[in-house]
Amino acid sequence: PSEWLLARVFVSLPVAVLFLVLLGGSLLSALLSASSAVRVGASVWLRIRRGRRAGVLDRLASHVALALAAELSNGHAAAYALNTAAASARSADNPLLARVLVGAARAQQLGASPAAALLSGVDAAEARCDSLVLVCEAFGVQGEAGGDGAPLVRIASALDRRRRVHDEAH
């Protein structure tokens with residue numbers, strides 16, 4: 001994005017001055033060195049953020065599964081379940097989950113099936129989360145078959161157990 005490029009420029013200039021003062025040399029070599037250093041630092045920082053986003057989505061996958069299962073159990077269609085989850089995510093205090101679910105609701109409005117829309121919302125978050133992909137697949141099967149949401153509840157409990165085991169191990 002353009003704001004990311006602008007931020008890199010603002011960081012590169014002071015780093016270039018620092019390289020120029022410390023190492024000497026020409027202004028061009030200092031700018032090139034600073035640009036390379038900032039580019040490497042930025043890619044590392046983005047990778048760390050992507051890992052954090054995946055971790056947050058992994059922790060919230062069971063909540064998404066339970067929310068979708070509750071709506072399916074009440075006899076609502078998969079499209080309604082996804083829109084309800086998106087509406088509740090907007091009011092929640094987790095902007096990442098809101099971005100995933102609102103993006104999924106938008107994709108659904110553009111004609112995607114509810115499961116494909118949820119998967120596109122996960123992809124839009126730029127954090128591949130296997131737990132949430134599993135929920136997407138189960139949601140797709142339940143939504144197409146008109147299921148009651150019980151498999152999503154079982155998946156949510158399994159994800160919670162796995163998270164507890166992981167937390168105890170670390």
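In summary, the side chains of R163 and S131 do not present any donor paired with an acceptor at a separation below 3.5 Å, with no hydrogens or angles considered.
Here the straight-line distance linking atom OG of S120 with atom CG of L118 works out to 8.0 Å at 0.5 Å rounding. With rounding to the nearest 0.5 Å, the separation of CG in D58 from CG in D130 is 8.0 Å. To the nearest 0.5 Å, the span separating OG on S113 from CG on L119 amounts to 9.0 Å.
Across all their heavy atoms, L72 and A77 have their closest contact at CD2-C, 4.2 Å. Here the shortest heavy-atom pairing between L101 and A85 reads CD1-O, 3.6 Å. Closest approach of A105 to A86, counting heavy atoms only: CB-CB, 3.9 Å. Nearest heavy atom pair, residue F139 against residue A81, reads CE1-CB, 4.3 Å. Between G149 and S73, the shortest heavy-atom distance links the atoms CA-OG, 4.2 Å. Q108 and A117 make their closest contact through N-CB, 3.6 Å (heavy atoms, listed as atom of the first residue, atom of the second, distance).
Counting only heavy atoms from C-beta outward, the side chains of V141 and P151 never approach each other to under 4.5 Å. D160 is listed as a side-chain neighbour of R164, based on a closest heavy-atom distance under 4.5 Å.
Evaluated for a side-chain contact (heavy atoms from CB on, under 4.5 Å) with V64, the options L82, V100, L132, L152 yield exactly one hit, L132.
Counting side-chain heavy-atom gaps under 4.5 Å among Ile, Leu, Val, Met, Phe, Trp and Tyr, Y80 is found in no cluster with other residues. With a 4.5 Å cut-off between side-chain heavy atoms of Ile, Leu, Val, Met, Phe, Trp and Tyr, the cluster of V153 takes in L66.
Grouping the Ile, Leu, Val, Met, Phe, Trp and Tyr side chains by contacts below 4.5 angstrom, directly or via other members, places V102 apart from L60.
Within 6.0 Å of the CZ atom in R106, the count of heavy atoms belonging to other residues, nucleotides or ligands does not exceed 12.
The salt bridge (Lys or Arg N to Asp or Glu O under 4.0 Å) contacts involving residues 59-84 comprise R59-D167, where partners must be two or more places apart or lie in separate chains.
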